[in-house]
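Following: one structure in structure tokens, then a few remarks.
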Amino acid sequence: QVQLVESGGGLVQAGGSLGLSCVASGNVFRVNAMGWYRQAPGKQRELVADITRGGRTNYADSVKGRFTISRDNAKNTIYLQMGSLKPEDTAVYYCAAKYGLALQYNFWGQGTQVTVSS
């Protein structure tokens, strides 16, 4: 299995920027994709962005042009750089991984709170 640890959440004003990090450990060779999900109070969990081992990226329409997902293979780390933040970006952000033969994300970090004030 793999372990995922997020960091970087906090409080930021609307229009500001914030960066999140997620470090993967364990059997990282079996991880085929990693990404960021978020869940706001009373809302469904949604995929924010993800990246494959080959470097292909995907973004939710709501964050495209504002957020950037990146990776550092040497550090087994992915990042989410969030800019032009809006109050509707407020959520718990979770790092996720597709492990082994899983078709969906099946490993999760503990989550980190991002709060955007108006």
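Predicted model only: the values in this text are computed from it and were never measured.
Annotation: the span from Ile51 atom CD1 to Tyr59 atom OH amounts to 7.0 Å, rounded to 0.5 Å. The CD1 atom of Ile78 lies 12.0 Å from the OG1 atom of Thr57; values are rounded to the nearest 0.5 Å. Between Gln1 atom CD and Phe107 atom CZ the span is 5.0 Å, to the nearest 0.5 Å. In this structure, CE on Met34 lies 8.0 Å from CD1 on Ile69, to the nearest 0.5 angstrom. Atoms CZ and CG, on Phe67 and Leu20 in that order, are 8.5 Å from each other to the nearest 0.5 Å. Atom CD of Glu6 is separated from atom CH2 of Trp108 by 10.0 Å, given to the nearest 0.5 angstrom.
Heavy atoms only, all atoms of each residue included: Ser17 and Gly83 are closest at OG-CA, 3.7 Å. Heavy atoms only, all atoms of each residue included: Val28 and Arg53 are closest at O-NH1, 4.0 Å. The two residues Gln81 and Leu18 make their nearest non-hydrogen contact at NE2-O, 3.6 Å. Considering all non-hydrogen atoms of both residues, Arg66 and Leu85 come closest at NH1-CA, 3.9 Å. When every heavy atom of Tyr94 is checked against every heavy atom of Gln39, the shortest pair comes out as CE1-CB, 4.4 Å.
Residues Ser21 and Lys75 fail the side-chain proximity criterion, which asks for heavy atoms closer than 4.5 Å. Side-chain contact between Arg38 and Val63 is present, with heavy atoms from C-beta onward closer than 4.5 Å. The shortest distance between side-chain heavy atoms of Met82 and Val116 does not fall below 4.5 Å.
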Exercise. For Gln113 and Leu11, what are the C-alpha separation, side-chain angles and deciding distance, and is it a side chain to side chain contact (heavy atoms under 4.5 Å, CB included)?
Worked result: CA-CA 8 Å; Gln113 176 71 46; Leu11 176 65; over 6 Å; no

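The closest donor-acceptor contact from the side chain of Arg30 to the backbone of Gly26 lies at 3.5 Å or more, if one exists at all.
Side-chain heavy atoms closer than 4.5 Å link hydrophobic residues (I, L, V, M, F, W, Y) into clusters, and following such links, possibly through other members, connects Val48 to Leu4. Val31 and Tyr37 sit in two unconnected hydrophobic clusters of ILVMFWY residues. Membership requires side-chain heavy atoms under 4.5 Å apart, directly or through other members. Linking ILVMFWY side-chain heavy atoms closer than 4.5 Å, directly or via other members, places Val12 and Trp36 in a single hydrophobic cluster.
Residues satisfying the side-chain contact (heavy atoms from CB on, under 4.5 Å) criterion with Ala102, sequence neighbours excluded, are Asn106. Listed by chain and residue number, Lys86 satisfy the side-chain contact (heavy atoms from CB on, under 4.5 Å) test with Glu88 (two or more places apart in sequence, or in another chain).
Counting only residues at least two apart or in different chains, disulfide (SG to SG under 2.5 Å) contacts with residues 3-102 comprise Cys22-Cys95.
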